[in-house]
Amino acid sequence: MDYQFRDLEKKWQQFWAENRTYKVENSSEKPKYYVLDMFPYPSGAGLHVGHPLGYIASDIFARYKRLKGFNVLHPMGYDSFGLPAEQYAIQTGQHPAITTEQNINTYRRQLDQIGFSFDWSREVRTSDPSYYKWTQWIFMQLFSSWYNLEADKAERIETLVERFEKTGSAGIKAVCDEDTLNFTSEEWKQMSEQKQQEELLKYRLTYLKESTVNWCAALGTVLANDEVKDGVSERGGYPVEQKKMMQWSMRITAYADRLLQGLDTIDWPEPLKEMQRNWIGKSTGASVKFPLEKGEGEIEVFTTRVDTIFGVTFLVIAPEHELVASLTTAGQKQEIESYIAQTKKKSELDRMADAKTVSGAFTGSYALNPLNGQKIPVWIADYVLAGYGTGAVMAVPSGDQRDWLFARHFNLPVIQILDAQKDIEAEADATKEGRYVNSDFIDGLTYQEAIPVLIQKLEELGAGKAKIQYRIRDAIFGRQRYWGEPVPVYFKDGLPYLIEESELPLLLPEIDKYLPTESGEPPLGRAENWKYQDEYEYELSTMPGWAGSSWYWYRYMASQSERAEDVFAPQSAIEYWKDVDLYIGGSEHATGHLLYSRFWNKFLKDLGYVVEEEPFKKLINQGMIQGRSNFVYRIIDEEGKGTNTFVSFGLKDEYKTSAIHVDVNIVENDVLDLEKFKKFRPEFANAEFILESGKYVCGVEVEKMSKSKFNVVNPDDIIERYGADTLRLYEMFLGPLEQSKPWNTNGIEGVFKFLRKFWKLFHNDKFELNLSEEEPTKAELKSLHKIIRKVEDDIERFSFNTSVSSFMICVNELTELKCNKRKVLEDLVIVLGPYAPHITEELWTLLGNQPGTLSYASYPKFNPDYLVEDEFAYPISINGKMKMNLSISLSLEPADIERFVLENSDVQRYLDGKTPKKVVVVKGRIVNIVV
RNA sequence: GCUCGGGUGGUGGAACUGGUAGACACGCAGGACUUAAAAUCCUGUGACCCUUAAAGGUCGUGCGGGUUCGAUUCCCGCCCCGAGUACCA
């Protein structure tokens, strides 16, 4: 039979499903291996050709690991809560659950067609109540915990209550709100229940807080910082404003340092780790209090250069700083007010664009340098951000360029502080070299010497202390949305209480419309009779998109039968699978999903529910597949109107034209299918063409893959035409996995031809199975063992594209050798299996093996003996330039090789009578003659 | 600005620790088979020069230097493209 990929692929997909070929158990003699993909959000558009790239790579890896004798967990599911389904619901009135279900069905059909070896019995959907029950449960654990800095881990809130009862608030080191009270154990016991709860909320790992949030009126919701880009919402591009609201927050800051430390223990791409480090933004320095010259109070600043404190010539506080009003003197009032008004007008965007222009205003007040009593003017300026540190900085113009520019602009003094500073009249010099000058008691010291002296002095004076500052802020956890997990909380006397664990899941109630209520409450406010115990208000916001994805890899560990148990995943399963060995997904989740997941994982570990500190041991980012748009060029007449004539790309510069996107699916190798083009749009029905060499060549541009650009390629179409095995191989063949690249179908024929050629190795000209039982020759074994080793090496370093090339070389060689020997082909089938599972399953059975056993065969053992050569064609170079090859026995030693080479008549000819100055011989590598 | 990637034929890309640059594939050109086309197979294909041909030569991995017998690979300086991030004190 010819290579009938359609029948054959359908047949095997059905076989795998019916026989549960890829179902995996939570125990095995074999070592475990967990291969995870970032699960998709099931959008209405279905999969395009870019989505499966990572899935194909992970599937190859999973299949390879099975062949290598591992018990492989390789699951898939859906991140099925999210905004698009809700937007669609608002427009159409259809319940998001229904459209989500439909989209999932499309995704499943598309995924199944590609031949993935997922264990579908472990599928998860974040919007399924049996799943979000446990998302809610984790929320409850966070609510019931506090972060004990002494133990450096999260603990049950009961341990905090015990300490309050025993010794009051004294000596408690916790990550908590700033406004916690000081009380004795007696005072604690005297407090009302209400008061106690209020106090405890300041310690809980998820807590209510009035926060300034990114409010998007158009979407009717609050957005996380990473959902806002350039002052507008990432999704939809609507304006975002700052608004104060009571919000659920997650105390991720408690884990800032552990999240940073952990990065050194995991095998992730360096750029991604760097992004997380920047996001966490740890800086080591000191906080210093500058007392006010007049009246009570002080201004606290954070600085990483406390050593420059004697160079401070002014303080700058953010325009939003709480002291601005009280510091402003009558004389400066007008100036300050007009400056604040001016900054308020500027959007976030303008502020960034304006980075170079210096602006600010003097408050009229002074503070005192705590170390020498110097009078220091206090200014406001918008280059100081209210949200970072204390919203106030000490300005050292000689050491900081921004301060320097500010000083120049407003004529403030610049004091040199280190003798190594260069010309500080020209610009600031932030050096730490040299010895201090103009710096009182640290004069003459070096940077290293000065820091401890200063810190000690500041502490003595009570004017400051060493401090570590983080950029990361607590994550806002509430969304004023419908299609998300309800928060398992009700309110009594204005304070939040958890519902009982036995009452989980708290189901998402039905509502009439998916919009906020008239009074501006979230959509859940529309639910009728939705009250806890018919009495108390439920929390009306829902959880953000990242909640469900922050722990899903644990749910996969629970097998289908274990899902019924009353736990998110059985302890035995967690102890068996432990963590994800390989995680593949896009780098766009660097500071969202991947940070929150690490946070929840550490929290679950602290409470003893999971065993590993880090959830994802190794991570690979697959590159983005961009679209490759094609264009036709319509000729424009003198009046500037479009004509009905289209000119080929190479001739377009001879005319006035406009470029029009054309559907890439009617273009092949950049040549337009004219008939299909005429049917593309009615207006083109009578189109005329100016061709070059009989063809219409289209223009090309790389853009995002999107419907409006007519450059979306659907995997279904590729599979229909070439089959899934070709799609899988081709996606890998396209280039290195981690590199972004435009999708281009131009080379796919080559991969398809390769599979046909491979098929032919097993068949004669009449397509009858034709195998030989003879012993393989040396050349055949060499070809086979080259590929055995190559694929092993390639897969281990995630270089899938190079294996595909090597398969082609191997099949070319075997075709040349007319090799149809079972002993060679059987091993080759196993090696190719992970890449092209359908064709290999078919051939595996044709070879006489039990159907379905290929997936669990053993990867052939590489034998280096077959690759041993006794001769090597040495490249002979003269002055480093390759001239010729000479076959020389590998048993010869360099001295003999040198003699042999120099005696050779062709070499003599190249030397042209000159005597070599030096001959470099590297055995088995190269000979270089220097003349 | 800072951080991280990346610049190799007409195209996608290969070259793993410094050792034959351009594997493999697409495209293109020519040929075989065919009434013809598709499919398939064969040959050639970095640029330039020389030559009837065989052969040979020069240049060539973004640019300029350096180290080395030898550099796409290592070092220094610069240019360009992409991604992330940003008055972070």
Side-chain angles (χ1 to χ4, degrees), chain A residues 269-275 277-279 281-283 285 301-306 308 316 318 351-352 354-358 381-385 387-396 399-403 405-406 469-471 587-588 590-591 621 623-624 626 669-671 693 700 702 730 733-736 738-751 753-754 756-757 760 765 790 793-794 797 799 801-810 812 873-885 909-910 916-922 924-931:
Chain A
E270 203 45 54
L272 205 147
K273 288 196 199 178
E274 203 54 35
M275 273 190 242
R277 284 191 195 107
N278 289 339
W279 193 261
K282 180 178 183 173
S283 46
V301 304
F302 173 73
T303 176
T304 54
R305 287 298 301 274
V306 69
T308 63
V316 189
R351 239 168 111 152
M352 270 189 263
D354 259 14
K356 271 142 255 144
T357 44
V358 177
D382 63 6
Y383 81 84
V384 173
L385 305 174
Y388 183 75
T390 57
V393 302
M394 57 179 229
V396 184
D400 183 287
Q401 188 60 17
R402 283 165 320 194
D403 297 345
L405 287 169
F406 196 86
Q469 180 75 41
Y470 295 94
R471 194 184 84 105
S587 59
E588 65 272 23
T591 50
N621 286 131
M624 265 224 300
Q626 295 143 302
N669 289 328
D670 297 332
V671 175
S693 16
V700 174
V702 173
Y730 185 61
F733 188 61
L734 221 44
E738 304 195 55
Q739 206 172 293
S740 284
K741 56 227 153 193
W743 176 263
N744 181 348
T745 321
N746 286 355
I748 199 163
E749 290 283 344
V751 171
K753 272 192 231 168
F754 154 74
R756 299 194 53 167
K757 237 170 159 176
K760 274 194 187 162
D765 290 345
K790 175 72 174 155
D793 285 357
D794 284 351
R797 61 194 174 98
S799 172
N801 55 324
T802 48
S803 326
V804 180
S805 301
S806 305
F807 281 126
M808 289 174 173
I809 294 170
C810 177
N812 287 347
Y874 279 88
I876 312 297
S877 27
I878 293 174
N879 290 335
K881 290 203 176 98
M882 214 284 276
K883 294 292 176 189
M884 57 183 289
N885 287 100
R909 193 163 50 77
Y910 277 112
K917 260 192 248 162
K918 185 174 175 187
V919 181
V920 181
V921 179
V922 183
R925 273 262 140 92
I926 201 169
V927 176
N928 189 17
I929 303 166
V930 189
V931 291

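Not measured: the values here are computed from a predicted model. Numbers restart at 1 for each chain; the letters A, B, ... are given by sequence-line order, proteins then strands.
Checking B:G19, B:U40, B:C88 against every side-chain atom of A:Lys760, the shortest atom distance belongs to B:U40. The side chain of A:Met882 approaches B:A21 more closely than any other nucleotide in the set B:A89, B:A21, B:C59.
The nearest whole Å value for the distance from the OH atom in A:Tyr470 to the C1' atom in B:C88 is 15 Å. In this structure, the CD atom of A:Glu588 is 19 Å from the P atom of B:G82, given to the nearest Å. Rounded to a whole Å, the CZ atom of A:Phe302 is 17 Å from the P atom of B:C87. As a whole-Å value, the separation of A:Arg277 CZ from B:C4 P is 11 Å. Between A:Phe807 atom CZ and B:A14 atom P there is a gap of 17 Å when expressed in whole angstrom units. As a whole-Å value, the separation of A:Lys917 NZ from B:U68 C1' is 14 Å. Between the CG atom of A:Asp793 and the P atom of B:C16 there is a distance of 12 Å, rounded to whole Å. Across the protein-nucleic acid pair, A:Asn278 atom CG and B:G84 atom P stand 13 Å apart, rounded to whole Å.
Spacing of P atoms, B:U61 relative to B:A38, comes out at 40 Å, to the nearest Å. Rounded to a whole angstrom, the distance from the P atom of B:U58 to that of B:A21 is 13 Å. Here, B:U72 and B:G46 have their C1' atoms 15 Å apart, quoted to the whole Å. For the P atoms, the distance from B:C41 to B:C26 is 10 Å, rounded to whole Å. Comparing B:U8 with B:A71, their C1' atoms are spaced 14 Å from each other, to the whole Å. For B:C78 and B:G84, the C1' atoms lie 24 Å apart once the distance is rounded to whole Å. Spacing between B:U35 and B:U52 at atom P, rounded to whole Å, works out to 41 Å. A gap of 38 Å separates the C1' atoms of B:G22 and B:A36, to the nearest Å.
The phosphate of B:A89 (OP1 or OP2) has no side-chain N or O of A:Gln401 nearer than 4.0 angstrom. One finds a side-chain N or O of A:Lys883 lying less than 4.0 angstrom from the OP1 or OP2 phosphate oxygen of B:G57. Within the 4.0 Å cut-off from OP1 or OP2 of B:U20, not a single side-chain nitrogen or oxygen of A:Tyr874 is found. Regarding contacts with the backbone of B:A86, a side-chain N or O of A:Arg471 is found under 4.0 angstrom from either OP1 or OP2.
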Review point. Given Watson-Crick or G-U pairs with both distances under 3.5 Å, what dot-bracket string fits RNA chain B, with | for other-strand pairs and [ ] for crossing?
Key: (((((((..(((......[....)))((((((.......))))))((((......))))..(((((..]....))))))))))))....
Exercise for review: Would you sort out whether A:Met884 and A:Ile876 count as a side-chain contact (heavy atoms from CB on, under 4.5 Å), showing the intermediate values?
Suggested key: CA-CA 5 Å; A:Met884 57 183 289; A:Ile876 312 297; 3.8 Å; yes
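Taking NZ of A:Lys753 as the reference point, atom CD1 of A:Ile748 lies at 12.5 Å (rounded to 0.5 Å). Between atom CE of residue A:Met275 and atom OG of residue A:Ser587 there is a gap of 5.0 Å, rounded to the nearest 0.5 Å. With values rounded to the nearest 0.5 angstrom, A:Gln739 atom CD is found 8.5 Å from A:Asn801 atom CG.
The two residues A:Met624 and A:Ser740 come nearest to each other via the heavy atoms N-OG, 3.0 Å.
Within the nucleic acid shown, A:Pro736 comes within 4.0 Å of sugar-phosphate atoms alone, with no base atom in reach, counting heavy atoms only. As judged by a 4.0 angstrom heavy-atom cut-off over every strand, A:Glu270 is placed among residues making no nucleic acid contact. Residue A:Asn801 is classed as a sugar-phosphate contact, given heavy-atom separations below 4.0 Å to backbone atoms only. Here A:Lys273 lies out of heavy-atom contact (under 4.0 Å) with every strand. When heavy atoms are screened at a 4.0 angstrom cut-off, A:Val930 is found touching the sugar-phosphate backbone but no base atom.
No side-chain heavy atom of A:Gln469 sits under 4.5 Å from any side-chain heavy atom of A:Thr304. Proximity of A:Asp765 to A:Lys760: side-chain heavy atoms (C-beta onward) are nowhere separated by under 4.5 Å. Counting only heavy atoms from C-beta outward, the side chains of A:Trp743 and A:Leu734 approach each other to under 4.5 Å. When side chains are defined from C-beta on, A:Met882 does not count as touching A:Ile926, because their heavy atoms never get closer than 4.5 Å.
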Practice item. For each nucleotide in nucleotides 23-29 of chain B, reading 5' to 3', give B when a protein heavy atom comes within less than 4.0 Å of its base, S when such contact involves only the sugar-phosphate, and - otherwise. Key: BBSSSS-
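Partner of A:Arg925 under the side chain to side chain contact (heavy atoms under 4.5 Å, CB included) criterion, out of A:Val922, A:Val921, A:Asn928, A:Val927: A:Val922 alone.
Mapped onto RNA chain B by nearest heavy atom, A:Val920 and A:Lys741 fall at different nucleotides, with A:Lys741 at the one closer to the 5' end. Nearest-nucleotide mapping onto RNA chain B: of A:Glu274 and A:Val393, the residue sitting toward the 5' end is A:Glu274.
Syn is the glycosidic conformation of B:G9, whose angle stays within 90° of 0.
Side-chain contact annotation: A:Lys757 with A:Asn812, donor-acceptor N/O pair under 3.5 Å present.
Ion pairing between A:Arg277 and A:Glu270 holds under the 4.0 Å rule for side-chain N and carboxylate O.
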